[in-house]
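In what follows, a single structure is set out as structure tokens and then discussed.
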Amino acid sequence: MPDSRPFPHVLVIGAGIVGAATAFYLSRAGAKVTVLDAKAPSAGATGASDGAVSVASKRPGVMMQLARQARDLYAQLVQDEILTDLFHTRPTYLFARNDLEVAVIAAQQRDLDHQGEATLWLDRTMLMRRVPGLGASVLAGLKVPRDGHAIGYEVTHRLLACANVVPLRHTPVLELVLSGQRVIGVETPGGRLLADVVVLAAGIDSMHFLGLDKVMIPRKGQLIVTDRAAFGYAALPGPLMSASYLASKHTPTAQQSSVSLVIDPLRTGQFLIGSSRETGVLDRQTDIRTVTTILREAVDVYPPLARQRVIRTFAGIRATTEDGLPIVGRHPELDGLILATAMQGDGICLGPLVGAAVARWALGQDSAQDLAALTPARFLKPCGSDHSRSDVL
Ligand SMILES: Cc1cc2nc3c(=O)[nH]c(=O)nc-3n(C[C@H](O)[C@H](O)[C@H](O)COP(=O)(O)OP(=O)(O)OC[C@H]3O[C@@H](n4cnc5c(N)ncnc54)[C@H](O)[C@@H]3O)c2cc1C
């Protein structure tokens with residue numbers, strides 16, 4: 001017998017890549033979906049990030065597994081003519097500049113191999129053949145051939161367009177509206193909006209709800225954009241990713257701020273060079289000291305960059321947690337509420353996959369992937385501690 005229940009009306013808070021992907025999958029399934037954004041689509045981290053759809057960079061375990069599935073989903077969305085021209089496959093080159101870093105990428109190779117991910121170890125000579133122009137400090141590298149890239153705001157725009165969803169801009173959600181233990185809508189400056197299911201996908205601003213300020217940690221990242229390359233030979237075949245970047249991902253609890261270098265060749269011929277990891281910092285300013293540190297390191301690793309001009313710097317805020325995992329799943333106590341936030345530095349990669357799972361939950365189905373490790377229940381305490389919701393009815 002076909003399921004005769006009517007589709008729920010789902011209200012999504014946030015039009016970043018996660019909210020857009022959720023809206024896309026809901027609308028494709030036939031549900032009614034309303035997306036609200038305090039500002040505009042991609043106004044948060046999605047519009048201020050790099051776009052590595054990368055398995056090479058992930059922590060071993062659940063994040064590496066999910067990244068592999070997420071990358072496959074990107075390829076599927078291209079095949080389905082949804083993300084045509086927006087996602088492409090390219091290799092990532094992890095590199096090491098001292099013995100400790102060699103050990104870090106060797107360990108990453110073991111973990112990637114364990115997941116069945118193809119890799120190729122490159123000594124300096126082999127690496128130079130593939131990446132001519134590398135600086136003298138680079139000792140060895142690891143090629144991960146099947147990684148990919150997509151620009152977050154382009155994906156967000158496309159997913160919303162394919163869903164035929166026009167987000168309500170400049171519509172901040174002030175509070176969740178409850179009836180007993182059920183979330184039944186949201187309060188906005190323009191009034192109350194009711195829905196069957198509410199999805200919290202507000203990036204770092206999710207911390208203003210449900211006591212999440214106690215578990216979410218902002219980490220600012222500054223990035224630099226150059227003009228187009230004119231080297232006389234092909235620009236980089238893929239991003240150069242430092243072993244220290246891996247190390248920073250592997251130790252999410254490290255509170256100190258740092259710079260971990262990635263030099264990313266964009267399809268425009270420009271380079272995107274980043275980034276800092278500034279723990280606890282919420283402003284989106286760039287500063288000369290950090291930009292200089294990043295550029296100095298970048299030119300040491302890849303001296304031809306010194307010929308480029310810097311045309312822009314910008315910063316975004318990663319929403320992170322102490323255990324380095326996103327917060328994705330049904331709220332443990334409040335019916336009708338799904339959380340999809342704290343995507344770390346991985347939300348461009350994982351966004352479509354998370355959106356697909358959230359849509360299934362909103363429709364009362366199980367998710368296709370095992371996302372149990374991301375459950376909000378690992379952080380959220382009984383409702384008594386919650387100060388951001390209003391009990392009504
Ligand atoms: C420097 C940097 C580099 C990165 N590089 C990569 C990378 O290479 N690969 C990768 O996979 N990821 C990367 N990321 C991470 C990625 O950008 C994020 O994980 C992802 O964009 C998060 O998407 P989101 O939809 O969860 O949140 P966001 O994109 O932050 O969207 C949240 C939206 O919610 C809206 N909002 C906030 N509060 C409210 C409210 N009260 N009511 C209504 N709307 C609200 C905001 O305006 C915003 O539009 C990087 C991040 C940074 C900062």
Side-chain angles (χ1 to χ4, degrees), residues 11-23 34-58 63 66-67 70-71 74 92 147-153 155-156 159 167-176 186-189 193 198-209 216 218-224 239 241 245 249 259-260 262 264 272-278 281 284 286 290 294 313-320 326-328 339-355 358 388:
L11 199 149
V12 180
I13 308 172
I17 194 166
V18 173
T22 301
T34 304
V35 180
L36 310 180
D37 199 285
K39 293 180 182 155
S42 300
T46 298
S49 60
D50 194 1
V53 180
S54 171
V55 174
S57 62
K58 295 297 176 288
M63 289 299 265
L66 291 176
R71 199 182 51 192
Y74 264 98
T92 294
D147 263 0
H149 191 262
I151 294 181
Y153 60 84
V155 173
T156 299
L159 291 173
L168 302 178
R169 293 167 176 239
H170 306 292
T171 309
V173 168
L174 306 173
E175 277 186 325
L176 305 177
V186 299
E187 210 66 72
T188 76
L193 294 172
V198 172
V199 176
L200 180 61
I204 190 61
D205 293 308
S206 307
M207 69 195 294
H208 302 306
F209 297 87
M216 288 178 68
R219 284 210 164 90
K220 177 163 106 173
Q222 300 188 37
L223 288 158
I224 298 144
M241 191 176 280
Y245 179 83
K249 284 218 158 196
V259 163
S260 20
V262 178
D264 204 335
L272 187 59
I273 307 170
S275 69
S276 57
R277 296 176 78 78
E278 299 167 56
V281 183
R284 288 177 56 168
T286 57
T290 306
I294 296 170
T313 63
F314 64 93
I317 312 295
R318 305 174 185 92
T320 73
I327 302 175
V328 177
L339 286 83
T341 190
M343 299 303 295
Q344 320 287 320
D346 304 306
I348 306 304
C349 176
L350 299 180
L353 180 113
V354 165
V358 171
S388 69

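Counting starts at 1 for both ligands and their atoms, following the listed order.
At the shortest separation from atom 6 (C) of ligand 1 among protein heavy atoms lies D50 O, 3.4 Å. Nearest protein heavy-atom neighbour of atom 38 (N) of ligand 1: D205 CB, 3.2 Å. Ranking the protein heavy atoms by distance from atom 30 (O) of ligand 1 puts A45 N, 3.0 Å first. Taking atom 31 (O) of ligand 1 as the reference point, the nearest protein heavy-atom neighbour is G16 CA, 3.5 Å.
On a distance-only criterion, G347 and ligand 1 share at least one N/O pair closer than 3.5 Å. Checking only distances, S42 never comes within under 3.5 Å of ligand 1, N or O to N or O. Considering both main-chain and side-chain atoms, A340 never comes within under 3.5 Å of ligand 1 through any nitrogen or oxygen pair. In terms of polar-atom proximity, defined here as any N/O pair under 3.5 Å, D346 does make such a contact with ligand 1. Looking at ligand 1, you'll find an N or O of A38 within less than 3.5 Å of one of its N or O atoms. Below 3.5 Å of separation, one finds an N or O of I348 facing an N or O of ligand 1. On a distance-only criterion, G345 and ligand 1 share at least one N/O pair closer than 3.5 Å. Residue Q344 places at least one N or O, backbone or side chain, under 3.5 Å from an N or O of ligand 1. When only interatomic distances are considered, the shortest N/O to N/O separation between L223 and ligand 1 does not fall below 3.5 Å. Taking any N or O of A52, backbone or side chain, at least one lies under 3.5 Å from an N or O belonging to ligand 1.
The closest non-hydrogen atom to atom 47 (O) of ligand 1, taken over T156, D37, V173, comes from D37. Between the choices L174, V354, T46, V12, the shortest heavy-atom distance to atom 21 (O) of ligand 1 belongs to T46.
Distances below 4.0 Å separate heavy atoms of I17 from the following atoms of ligand 1: 23 (O), 25 (O). Close contacts between ligand 1 and I317 involve ligand atoms 53 (C) [criterion: under 4.0 Å to a heavy atom].
Only the backbone of A40 comes within contact range of ligand 1, with a heavy atom under 4.0 Å; no side-chain atom does.
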